[in-house]
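Data block below; observations after.
Note that the numbering runs from 1 along the sequence shown for the chain. Since this is a predicted model, take the numbers as computed values, not measurements.
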Amino acid sequence: MQYPSANSMPANAIPTTTDMLRVWHNDRCLRDSSAGVYLQWIGRFRAYCASHKLNEWAELTLEGAYRFIAWYTHRRHPDPRYSGGARKALHALSRVYQAMGLDP
């Protein structure tokens, strides 16, 4: 599958916090407390993508999520059970992209 580069995607194609909350609210899939945790994980994922010059959209695959989790756990050494939230958060971000018509 060919992925658009970060430069070829229109700026409005990158989901904002407002976009994420709107999609999650419309899907009725998250409580506000869970959404807050997911937004923290997505912020970490976005920082990871930026620091490694990765395309966020292209990294929203199972393999990309595992690379991010491995990087984060290696760097921060959290409890392994803690990283389950990262996978769920990236899945929720993927759902936002799908709702915007950009299927990762």
Ile14 side, atom CD1; Arg46 side, atom CZ - distance, nearest 0.5 Å: 7.0 Å
Rounding to 0.5 Å, atoms OG (Ser34) and CG (Leu39) come to a distance of 10.5 Å
So which atom in Ile69 and which in Ala86 form the shortest heavy-atom distance, rounded to 0.1 Å? CG1-CB, 3.8 Å
Is there a side-chain contact between Trp41 and Arg87 in this structure, where contact means two heavy atoms from C-beta onward sitting under 4.5 Å apart? no
More than 12 heavy atoms from other groups under 6.0 Å of NE2 on His25: no
Compare all side-chain heavy atoms of Leu62 with those of His91 and state whether any distance is below 4.5 angstrom. no
Using side-chain heavy atoms (C-beta onward) and a distance below 4.5 Å, is Val23 in contact with Tyr97? no
Do you know the tightest heavy-atom contact between Glu56 and Leu93? OE2-CD2, 3.7 Å
Smallest heavy-atom separation, Glu59 atom then Leu54 atom, equals CG-CB, 3.9 Å
Provide the closest heavy-atom pair for Ala92 versus Tyr38 in the form atom of the first, atom of the second, distance. CB-CD2, 3.7 Å
What is the minimum heavy-atom distance between Asp19 and Met100, and which atoms define it? OD2-CE, 4.2 Å
Option passing ring pair (Phe, Tyr, Trp, His ring centres under 6.0 Å) with Phe45 (candidates Tyr72, Phe68, Trp57): Phe68
